[in-house]
Novice: 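Please find one structure pasted underneath; my questions will follow.
Note that this is a predicted model, so its numbers are computed, not measured.
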Amino acid sequence: METLIFAFARALKSVFAPGMMRVFAYSVLLTIVVLCMFWVGASQFLVWLFDRPAAENLPFDIMPLIITGTTGVLAWFLFPGIMPIIVNFFDDKIASLIEREDYPHSQPIANPPFWPEFWHDAKFSLMVVGINILVLPLYLIPVINAILFYWLNGYLLGKEFFIMTARRHIPLTEAKKLWNSKSRMITVGGIALTFMATLPVLNLFAPFWGIAVMTHIYHRNKQGAEILPPYR
């Protein structure tokens with residue numbers, strides 16, 4: 001718990017690290033753009049969907065309400081799953097600036113290649129969305145839906161964000177071992193990240209905050225991790 005509190009507090013402080021404000025603004029702007037693109041795309045899909053013969057008897061006046069409400073629910077429901085795609089554009093820069101300020105003696109051995117990481121994150125996001133759709137019937141059960149949603153997505157996002165930051169320093173196999181040894185703590189961090197991602201306005205800061213938190217968690221728990229080239 002002490003490590004989590006430390007990581008949460010340092011992640012907020014990291015916004016003011018030298019050179020970070022520009023990256024922070026960029027991450028927020030990119031998040032807004034992605035959300036708007038998703039909103040427009042989902043809205044257009046629903047317009048097409050409801051413009052079917054089966055929907056001809058629906059009163060026209062309620063169509064905008066149906067479309068707006070449905071896309072709002074979809075955006076809230078799916079946003080945590082698409083965050084890894086967003087952070088792929090700036091995760092290395094955020095981690096580098098944090099390490100330059102707080103961990104100057106622990107620079108990465110190699111930077112992750114962009115496109116392989118991007119496609120990995122895209123596949124991960126599709127997996128998260130797919131899993132959430134599979135358990136959708138359980139989301140209809142009160143109380144259980146909230147517990148399941150935050151635990152499931154917290155587990156998946158916590159693991160992905162942590163390994164994303166750890167792989168800058170150690171091989172994937174070692175990153176997974178380190179995650180496994182600290183999985184409970186990282187899952188709690190992932191739950192906090194998922195919760196933040198579902199709150200209006202705060203969700204704009206969630207991708208940045210997630211990378212910052214996991215960077216601090218990694219450096220607080222890296223003892224014993226084998227230092228080898230992570231992308232050999």
Novice: Given the rule that I, L, V, M, F, W and Y join up when any side-chain heavy atoms are under 4.5 Å apart, are Phe16 and Leu12 in one cluster?
Specialist: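 Linked, Phe16 and Leu12 end up in one cluster.
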Novice: Shared ILVMFWY cluster between Trp151 and Met127, side chains joined below 4.5 angstrom?
Specialist: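 Yes.
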Novice: Can a donor-acceptor pair be found, under 3.5 Å and without considering hydrogens, that links the side chain of Asn145 to the backbone of Tyr139?
Specialist: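 A pair under 3.5 Å: yes.
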Novice: Determine whether Val128 and Ile131 fall in the same hydrophobic cluster, where Ile, Leu, Val, Met, Phe, Trp and Tyr are linked whenever their side-chain heavy atoms lie under 4.5 Å apart.
Specialist: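 Result: yes, single cluster for both.
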Novice: Please find the pair of heavy atoms, one from Val213 and one from Ala7, that lie closest to each other, and give the distance.
Specialist: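 Minimum heavy-atom separation between Val213 and Ala7: O-CB, 3.8 Å.
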Novice: Under 3.5 Å, is there a donor-acceptor pair linking the side chains of Glu99 and His216?
Specialist: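 Side chains of Glu99 and His216: no pair found under 3.5 Å.
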Novice: Could you please spell out the steps behind the side chain to side chain contact (heavy atoms under 4.5 Å, CB included) verdict for Phe124 and Ile85?
Specialist: CA-CA 9 Å; Phe124 173 80; Ile85 296 178; over 6 Å; no
Novice: For Ser125 versus Gly81, what's the shortest heavy-atom pair and its separation?
Specialist: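 Looks like OG-O, 2.7 Å.
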Novice: Establish, yes or no, whether a centroid distance under 6.0 Å links the rings of Phe195 and Trp209.
Specialist: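 No, they do not, as the ring centres are separated by 6.0 Å or more.
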Novice: Is any side-chain heavy atom of Val135 closer than 4.5 Å to one of Leu152?
Specialist: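 When only atoms from C-beta onward are counted, Val135 and Leu152 do touch, with a gap below 4.5 Å.
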Novice: Tell me whether Met214 shares a hydrophobic cluster with Phe6, the cluster being built from Ile, Leu, Val, Met, Phe, Trp, Tyr side chains joined at under 4.5 Å.
Specialist: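 Yes, it is one cluster - the side chains of Met214 and Phe6 are joined through contacts under 4.5 Å.
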Novice: Can a side-chain donor-acceptor contact be found between Thr215 and Arg10 if the only test is distance below 3.5 angstrom?
Specialist: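 No, no side-chain donor-acceptor pair sits under 3.5 Å.
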Novice: Check the hydrophobic clustering (I, L, V, M, F, W, Y; side-chain heavy atoms under 4.5 Å; chains of links allowed) and say if Ile163 and Leu126 are grouped together.
Specialist: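 No, it is not one cluster - the side chains of Ile163 and Leu126 are not joined through contacts under 4.5 Å.
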Novice: Are Phe90 and Phe208 an aromatic pair by the rule of ring centers under 6.0 Å?
Specialist: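 So the answer is no for these two rings.
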Novice: When you compare the side chain of Met37 with that of Val33, does any pair of heavy atoms fall below 4.5 Å?
Specialist: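 With C-beta onward as the side chain, the pair touches.
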Novice: Would you compute the distance between atom CE of Met164 and atom NZ of Lys159 and round it to the nearest 0.5 angstrom?
Specialist: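 It is 13.0 Å, given to the nearest 0.5 Å.
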Novice: Nearest 0.5 angstrom please: Met196 CE to Met83 CE, how far?
Specialist: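 If I round to the nearest 0.5 Å, the distance is 9.0 Å.
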Novice: So which heavy atom on Ala95 is nearest to which on Ile211, and how close?
Specialist: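 Looks like N-CG2, 4.5 Å.
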Novice: Is Arg100 close to Pro18 at the side-chain level, that is, under 4.5 Å between some pair of heavy atoms?
Specialist: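 They are not in side-chain contact.
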Novice: For the OH atom of Tyr218 and the CG atom of Leu178, what is their distance to the nearest 0.5 Å?
Specialist: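 Rounded to the nearest 0.5 Å, the OH-CG separation comes to 7.0 Å.
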Novice: Is any side-chain heavy atom of Glu160 less than 4.5 Å from a side-chain heavy atom of His120?
Specialist: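 With C-beta onward as the side chain, the pair touches.
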Novice: How close do Trp179 and Ile186 get, counting heavy atoms only, and between which atoms?
Specialist: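 Shortest heavy-atom contact: CD1-CD1, 3.6 Å.
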Novice: Enter the distance from Leu193:CG to Leu157:CG here, rounded to the nearest 0.5 Å.
Specialist: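 Going from the CG atom of Leu193 to the CG atom of Leu157 covers 5.5 Å.
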Novice: Mark yes or no for whether Asn221, through its side chain, and Ile217, through its backbone, hold a donor-acceptor pair below 3.5 Å.
Specialist: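 Side chain of Asn221 to backbone of Ile217, a donor-acceptor pair under 3.5 Å: yes, one is there.
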Novice: Give the minimum heavy-atom separation between Gly210 and Phe161, together with the two atoms involved.
Specialist: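 Here Gly210 and Phe161 meet closest at C-CD2, 3.6 Å.
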Novice: Take Thr198 and Asn203 through the side chain to side chain contact (heavy atoms under 4.5 Å, CB included) test and state the conclusion after the steps.
Specialist: CA-CA 6 Å; Thr198 58; Asn203 60 358; over 6 Å; no
Novice: For the residue pair Met20 and Ser14, what are the closest heavy atoms and their distance?
Specialist: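 Looking at all heavy atoms of both residues, the closest pair is CG-O, 3.1 Å.
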Novice: Could you state the interatomic distance from CG (Leu35) to CD1 (Ile32), rounded to the nearest 0.5 Å?
Specialist: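 Nearest 0.5 Å value for the CG-CD1 distance: 8.0 Å.
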Novice: Any non-hydrogen side-chain atom of Ile191 less than 4.5 Å from a side-chain atom of Tyr155?
Specialist: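 In short, these two side chains do not touch, never coming nearer than 4.5 Å.
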Novice: Applying side chain to side chain contact (heavy atoms under 4.5 Å, CB included) between Ile170 and each of Glu174, Arg167, Arg168, report the one that passes.
Specialist: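 It is Glu174, the one option of Glu174, Arg167, Arg168 that forms the side chain to side chain contact (heavy atoms under 4.5 Å, CB included) with Ile170.
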Novice: Would Phe205 and Phe24 count as a ring pair (Phe, Tyr, Trp, His ring centres under 6.0 Å) here? Give the steps.
Specialist: CA-CA 8 Å; Phe205 308 99; Phe24 176 70; 5.5 Å; yes
Novice: Using a 4.5 Å cut-off on heavy atoms from C-beta on, say whether the side chain of Asp91 contacts that of Thr165.
Specialist: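 A side-chain contact is absent here, since even the closest heavy-atom pair is not under 4.5 Å.
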Novice: Please examine the side chains of Ile98 and His219, heavy atoms only from C-beta on, and report whether any two atoms are closer than 4.5 Å.
Specialist: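 Not in contact.
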Novice: CZ of Phe79 to CG of Leu199: how many Å apart, nearest 0.5 Å?
Specialist: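 It is 11.0 Å, given to the nearest 0.5 Å.
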